[in-house]
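Here is the structure we will look at, set down as structure tokens.
Quick caveat, the model's predicted, so the values are computed rather than measured. One-based numbering along the sequence shown.
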Amino acid sequence: MKTLRIVLFCAIAFLSANTIMAQYGNGYGGNSGYGNNNGYGSNRSQSQMSQMSQTPTQNTPKEVPVEKTAAKIVEYYKKELNLDALQEIVITNVYIKSLKKQEALIKKEISDEDKTNEFKVLSEMTDLEVMEILNKEQKAKYKILSEERKSQIEARKH
């Protein structure tokens, strides 16, 4: 009976020591344990947490510089309106200025209705500035292209 007690006591002591050692990072996959504020399963949970913190930044689209957007717009008009080099430069600057104002307007804390009205005014001002640079033939073609663009925008809304 005494031998059974000793064997039972040794088994309990051995299992307890193994559990205690695991909590302090000396067992179960080399976890750092309490001493380093990581706890049980820290390797796995830390990697999951780092993946979670990286996920939102990976899903957010990178902002396209306004210069690049303006260049694409002007490239389209260059083909359609046969712009010369000086017109290209001036219209690019007009669109850069307009796009920067649009970005500021988006960030502005006002109602959606006010934003819509300000976008319309900004669009009209941009069109007027572009029209000043164009010759008579280009103006006629630009008006047609503007109307097409506006009808496409309206079609997307509905």
Side-chain angles (χ1 to χ4, degrees), residues 19-158:
T19 304
I20 291 169
M21 297 303 272
Q23 289 178 351
Y24 285 96
N26 297 324
Y28 297 133
N31 293 327
S32 300
Y34 292 124
N36 292 328
N37 264 345
N38 291 326
Y40 178 75
S42 64
N43 290 342
R44 183 182 61 208
S45 64
Q46 277 184 339
S47 67
Q48 286 174 346
M49 288 177 68
S50 67
Q51 287 173 353
M52 286 173 39
S53 66
Q54 291 174 0
T55 302
T57 57
Q58 291 172 350
N59 291 338
T60 54
K62 293 181 181 177
E63 284 189 33
V64 178
V66 293
E67 290 81 8
K68 210 173 202 179
T69 305
K72 285 182 181 180
I73 294 169
V74 173
E75 188 64 33
Y76 170 75
Y77 285 133
K78 180 182 177 183
K79 285 190 284 186
E80 296 295 324
L81 303 174
N82 297 322
L83 299 176
D84 63 31
L86 182 60
Q87 287 175 320
E88 250 185 275
I89 293 168
V90 175
I91 292 174
T92 300
N93 289 333
V94 168
Y95 274 104
I96 288 172
K97 183 175 72 171
S98 177
L99 291 168
K100 285 181 180 180
K101 286 180 182 179
Q102 284 181 13
E103 284 181 350
L105 185 57
I106 289 170
K107 294 175 184 175
K108 204 172 183 182
E109 297 290 327
I110 58 175
S111 70
D112 288 343
E113 186 178 329
D114 289 342
K115 279 186 183 181
T116 302
N117 291 335
E118 288 195 38
F119 272 117
K120 284 180 184 177
V121 169
L122 182 58
S123 176
E124 290 172 7
M125 295 298 293
T126 303
D127 285 345
L128 286 173
E129 288 182 54
V130 170
M131 291 290 275
E132 290 177 7
I133 299 158
L134 303 176
N135 64 34
K136 188 177 180 179
E137 292 171 7
Q138 291 170 327
K139 286 179 184 181
K141 181 98 179 190
Y142 182 78
K143 285 181 183 179
I144 294 169
L145 294 172
S146 293
E147 291 302 317
E148 288 176 359
R149 184 187 73 222
K150 288 176 185 175
S151 65
Q152 287 175 348
I153 291 171
E154 288 297 319
R156 285 186 208 154
K157 288 181 182 179
H158 300 291

Working to the nearest 0.5 Å, report the span between [atom1] of [X] and [atom2] of [Y].
X    : Y    : atom1 : atom2 : value
L145 : Y77  : CG    : OH    : 6.0 Å
E147 : I144 : CD    : CD1   : 9.5 Å
E124 : F119 : CD    : CZ    : 14.0 Å
Y76  : L81  : OH    : CG    : 8.0 Å

Might you work through the side chain to side chain contact (heavy atoms under 4.5 Å, CB included) test for Y95 and T69, ending with a clear yes or no?
CA-CA 9 Å; Y95 274 104; T69 305; over 6 Å; no

Any chance you could lay out the side chain to side chain contact (heavy atoms under 4.5 Å, CB included) test for Q87 and Q138, step after step, and finish with the verdict?
CA-CA 11 Å; Q87 287 175 320; Q138 291 170 327; 2.8 Å; yes

Check the surroundings of atom [atom1] in [X]: do more than 12 heavy atoms from other residues, nucleotides or ligands lie under 6.0 Å from it?
X    : atom1 : answer
M125 : CE    : no
K78  : NZ    : no
K68  : NZ    : no

If you look at every heavy atom in [X] and [Y], which pair is closest and at what distance?
X    : Y    : answer
L105 : E118 : CD1-OE1, 3.2 Å
K139 : L134 : CE-O, 3.2 Å
E103 : E63  : OE2-OE1, 4.4 Å
L122 : S98  : CD2-O, 3.6 Å
K115 : I106 : NZ-O, 2.8 Å

Is the shortest heavy-atom distance from the side chain of K97 to the side chain of N93 under 4.5 Å?
no

When you look at S146 and M131, which way does the side chain to side chain contact (heavy atoms under 4.5 Å, CB included) test go after all the steps?
CA-CA 11 Å; S146 293; M131 291 290 275; over 6 Å; no

Do side-chain atoms of T92 reach the backbone of E88 as a donor and acceptor pair under 3.5 angstrom?
yes

Sorted by chain and residue number, the side chain to side chain donor-acceptor pair (under 3.5 Å) partners of D114 (sequence neighbours excluded) come out as S111

After noting the C-alpha distance and the side-chain angles of I91 and I73, does the key distance pass the side chain to side chain contact (heavy atoms under 4.5 Å, CB included) rule?
CA-CA 9 Å; I91 292 174; I73 294 169; over 6 Å; no

